[in-house]
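So the structure is just underneath, and the comments pick up after that.
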Amino acid sequence: MKIMSGNSNLPLARAIAAYLEIPLTDASVRRFADEEIFIEIHENVRGEDVFILQSTSYPANDNLMELLIGIDALKRASARRITAVIPYFGYARQDRKPGPRTPISAKLVADIITRAGADRVLSVDLHAGQIQGFFDIPTDNLYAAPTMAADIQARYGGQDLMVVSPDVGGVVRARALAKRLDNAPLAIVDKRRDRPGESEVMNIIGEVSGRHCILIDDIVDSGGTLCNAAQALLDNGAKSVAAYITHGVLSGGAVARVDKSALKELVITDSILPTDAAKDSERIRILPIAPLIGEAVRRIADESSVSSLFD
Ligand code: R5P
């Protein structure tokens, strides 16, 4: 088994390699003067089971292209099996046509990754579970929920908890977390978005008064959804609000927005390389997911069960 990494999140790649007690495959990524990407693998991978790690996070297009070129290099170097490990799968929010004459970019990206030569995909908390079906190759979708549940029990165990989904689309994810928290009660924020990129909290389904709320979501991008939801929960009598979000996209002024928000804390994973602003924020905490991904990689290589990780 070999682990190769793109440049999107080298610390995570190193942590996964350390978990597996193997070195990262020696490869280099260079740029031509016009920014074209060139990848060279400096060791033999012929006949190997290779895992290539790359989140297609900001800059999404560069990181995606680097992944595709890395897969192509591995294929032409006769790797036996190539698994694209994409902790954060970008373009996932474009998973259906929200209106006429719009693309389904998540499907397009899945096709390109497959066409490049990936034999399998491993991702974490895909925006929608059905994105697995966009790939015509085996796709494992890992869940950060067990890692989050353990952290919530350690930090907030024994309090009057309520798990909250910040929108109707996230209810399945929220229910799964609630189940892991001794069947904590569930609430939903009914969010209306007037224009793309803007969010507006409308009302809350469920009685949050006197509760310590745990907001759960897959992505925090601008932070608008989260900060508005936190304020709405407090306005409805919640005692406190903390948020657990798998992928800290945190674009633009998101960190400043979180710092100024009513949130007690925002907990993200390191599926995306945290920016310095995110690392420096006293309101943001980062949970490592290398053990989760590392263990899944080990099981895929051993041909053993991945789903039993979540039993
Ligand atoms: C949307 O369906 C996602 O699950 C997130 O709620 C959304 O991407 C968060 O975006 P923002 O932080 O920009 O409000």
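Atoms within a ligand are numbered from 1 in the order they appear, just like the ligands themselves.
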Arg283 side-chain N/O to Asp259 backbone N/O, donor-acceptor pair under 3.5 Å = yes
Same apolar cluster (I L V M F W Y, side chains within < 4.5 Å links), Met148/Ile272 = no
note = Per-atom filter on ligand 1: closer than 4.0 angstrom to a heavy atom of Val220 are 12 (O)
task = With heavy atoms of His127 as the reference, note each atom of ligand 1 found under 4.0 Å away.
result = 1 (C), 2 (O), 3 (C), 4 (O)
query = Relative to ligand 1, is Ile219 under 4.0 angstrom through side chain, backbone, both or neither, heavy atoms considered?
reply = both
query = Looking only at heavy atoms of Leu226, does any of them come nearer than 4.0 Å to an atom of ligand 1?
reply = no
N/O donor-acceptor pair under 3.5 Å between Ser271 side chain and Tyr88 backbone = no
task = State the atoms of ligand 1, each with its element, that fall below the 4.0 Å cut-off from a heavy-atom position in Asp218.
result = 3 (C), 4 (O)
ask   = Is it the side chain, the backbone, both or neither of Val249 that has a heavy atom closer than 4.0 Å to ligand 1?
value = neither
request  = Compute the shortest N/O to N/O distance between Gly223 and ligand 1 and return yes if it is under 3.5 Å, no if not.
outcome  = yes
request  = Please check if any side-chain donor atom of Thr246 sits under 3.5 Å from a side-chain acceptor atom of Arg173, or the reverse.
outcome  = no
task = Check each atom of ligand 1 against the heavy atoms of Arg93 and keep those under 4.0 Å away; list them by number with element.
result = 8 (O)
request  = Pick whichever of Asn228, Asp217, Leu250, Thr225 has a heavy atom sitting closest to atom 5 (C) of ligand 1.
outcome  = Asp217
request  = Side-chain contact test, heavy atoms from C-beta onward, threshold under 4.5 Å: evaluate it for Ile152 versus Val163 and give yes or no.
outcome  = no
request  = Ignoring hydrogens and angles, state whether a donor on the side chain of Ser8 or Asn63 is under 3.5 Å from an acceptor on the partner side chain.
outcome  = no
key: Arg81 side chain vs Asp119 backbone, donor-acceptor pair below 3.5 Å   = no
